[in-house]
*Asks:* 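Quick one: the structure is below, and I'll ask about it shortly.
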Amino acid sequence: MGDTSLAAVSGECQRVRAGEQFAPLVVRAATADRPLEGAVITFFVDDMGSTGTAFHGGTPVMVTTASNGLATTDVALIAGNSPGNVRVRATTNSAATTFSLTVDAPA
């Protein structure tokens, strides 16, 4: 059995206005290039821009991968009130990937 890998599938580089919801984030977990079912993926918000962005109900959010190795955030990620950059880190075991997101000023 090879090492686990984790890759961002969709949701990277999103830009939303303050207070809006980001689209779900999707990752793919694999071992030896085969989908990894049943892996627990933990999503953490790293709000280095102090935007106030958070998952509804707080961080972390944990999701289990399906038979195709995909895990999709099922909790809303809401942009904070201040513009800036946000990272969401997804991890499982020793594998990780990061989503870079941007919060724009309100309209």
Side-chain angles (χ1 to χ4, degrees):
M1 192 150 173
D3 291 331
T4 300
S5 65
L6 195 61
V9 174
S10 69
E12 170 67 5
C13 296
Q14 294 182 65
R15 293 185 82 101
V16 301
R17 293 196 185 278
E20 292 181 354
Q21 182 174 323
F22 288 96
L25 307 177
V26 182
V27 296
R28 180 181 186 268
T31 299
D33 292 327
R34 300 177 81 193
L36 182 59
E37 179 179 8
V40 176
I41 310 298
T42 305
F43 293 86
F44 298 93
V45 175
D46 178 6
D47 189 10
M48 69 267 190
S50 299
T51 67
T53 298
F55 284 105
H56 182 73
T59 297
V61 167
M62 298 188 337
V63 182
T64 303
T65 57
S67 61
N68 59 4
L70 297 179
T72 303
T73 52
D74 56 359
V75 175
L77 178 60
I78 308 297
N81 293 324
S82 299
N85 296 316
V86 178
R87 283 190 303 228
V88 176
R89 184 170 168 83
T91 64
T92 186
N93 300 327
S94 61
T97 191
T98 303
F99 294 86
S100 296
L101 310 172
T102 303
V103 177
D104 289 331

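Note that the coordinates shown come from a computational prediction; the quantities given were computed from them, not determined experimentally.
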*Asks:* So how far is it from Asp3 CG to Thr31 OG1, rounded to the nearest 0.5 Å?
*Replies:*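 The CG atom of Asp3 sits 8.5 Å away from the OG1 atom of Thr31.
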*Asks:* If you take all heavy atoms of Val103 and Ala79, which pair is closest and at what distance?
*Replies:*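 Where Val103 meets Ala79 most closely, the heavy atoms are CG2-CB, 3.7 Å.
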*Asks:* Hey, could you give me the CE/OG distance between Met48 and Ser100, rounded to the nearest 0.5 Å?
*Replies:*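 Separation between the atoms: 6.0 Å.
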*Asks:* Quick one: do Phe99 and Val86 satisfy side-chain contact (heavy atoms from CB on, under 4.5 Å)? Show the steps, please.
*Replies:* CA-CA 8 Å; Phe99 294 86; Val86 178; over 6 Å; no
*Asks:* Is it possible for you to say whether Phe44 and Ile78 belong to one hydrophobic cluster, with membership spreading through side-chain heavy-atom contacts below 4.5 Å?
*Replies:*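 Phe44 and Ile78: separate clusters.
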*Asks:* Rounded to the nearest 0.5 Å, what separation is found between the CG atom of Leu25 and the OG1 atom of Thr72?
*Replies:*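 The CG atom of Leu25 sits 9.0 Å away from the OG1 atom of Thr72.
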*Asks:* Nearest 0.5 Å please: distance from the CD atom of Gln14 over to the CD atom of Glu20.
*Replies:*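 Here the interatomic distance stands at 11.0 Å.
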*Asks:* Are Val88 and Val26 linked, directly or through other ILVMFWY residues, by side chains that come within less than 4.5 angstrom of each other?
*Replies:*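 The answer is no; the residues belong to distinct hydrophobic clusters.
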*Asks:* May I ask you to decide if Asp104's main-chain N or O and Arg17's side chain share a donor-acceptor pair within less than 3.5 Å?
*Replies:*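 No, Arg17 side chain to Asp104 backbone: no donor-acceptor pair under 3.5 Å.
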*Asks:* Given Leu77 and Val45, is the side-chain contact (heavy atoms from CB on, under 4.5 Å) satisfied, shown in steps?
*Replies:* CA-CA 9 Å; Leu77 178 60; Val45 175; 3.9 Å; yes
*Asks:* What do the steps show when you test Leu36 against Thr4 for side-chain contact (heavy atoms from CB on, under 4.5 Å), and what is the final call?
*Replies:* CA-CA 8 Å; Leu36 182 59; Thr4 300; 3.8 Å; yes
*Asks:* Between Ala71 and Ile41, which heavy-atom pair has the shortest distance, and what is it?
*Replies:*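 Looking at all heavy atoms of both residues, the shortest contact is CB-CG1, 3.7 Å.
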*Asks:* Does the side chain of Thr42 come within less than 4.5 Å of Val61's, by heavy atoms?
*Replies:*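 They are not in contact (no side-chain heavy atoms under 4.5 Å apart), so the answer is no.
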*Asks:* Identify the heavy atoms of Ser50 and Ser82 that sit nearest to each other, and give their distance.
*Replies:*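 Nearest pair, atom of Ser50 first, then Ser82: O-CB, 3.8 Å.
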*Asks:* When you group the ILVMFWY residues by side-chain heavy-atom contacts below 4.5 Å and let the links chain together, are Phe22 and Phe43 in the same group?
*Replies:*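 Phe43 and Phe22: one cluster.
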*Asks:* Under the 3.5 angstrom rule, does the side chain of Thr51 hit a backbone N or O of Pro83 as a donor-acceptor pair?
*Replies:*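 Side chain of Thr51 to backbone of Pro83: no pair is present.
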*Asks:* Which heavy atom of Pro24 sits nearest a heavy atom of Thr73, and at what distance?
*Replies:*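 Shortest heavy-atom separation between Pro24 and Thr73 comes out as CA-OG1, 3.4 Å.
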*Asks:* Could you give the distance from CG (Leu101) to CD (Glu12), rounded to the nearest 0.5 Å?
*Replies:*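 Answer rounded to 0.5 Å: 7.0 Å.
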*Asks:* Hey, is Arg89 close enough to Asp46 for a salt bridge, meaning N to O under 4.0 Å?
*Replies:*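 So Arg89 does not pair with Asp46 through a salt bridge.
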*Asks:* Checking the side chain of Ser67 only, and the main-chain atoms of Glu37 only, is there a donor and an acceptor separated by less than 3.5 Å?
*Replies:*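 Not a single qualifying donor-acceptor pair exists.
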*Asks:* Which heavy-atom pair separates Asp47 from Gly52 by the least distance, and what is that distance?
*Replies:*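 Closest pair (atom of Asp47, atom of Gly52, distance): OD2-N, 2.6 Å.
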*Asks:* Judged by atom type as modelled, is there a donor-acceptor pair below 3.5 Å linking the side chain of Thr65 to the main-chain atoms of Leu70?
*Replies:*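 No; zero donor-acceptor contacts below 3.5 Å.
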*Asks:* Where do Val16 and Gln21 come nearest, in terms of heavy atoms and distance?
*Replies:*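 Smallest interatomic distance, heavy atoms only, reads CG1-O, 3.9 Å.
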*Asks:* Is Asn85 reaching over with its side chain to a backbone N or O of Gly49, donor-acceptor style, under 3.5 angstrom?
*Replies:*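 No, Asn85 side chain to Gly49 backbone: no donor-acceptor pair under 3.5 Å.
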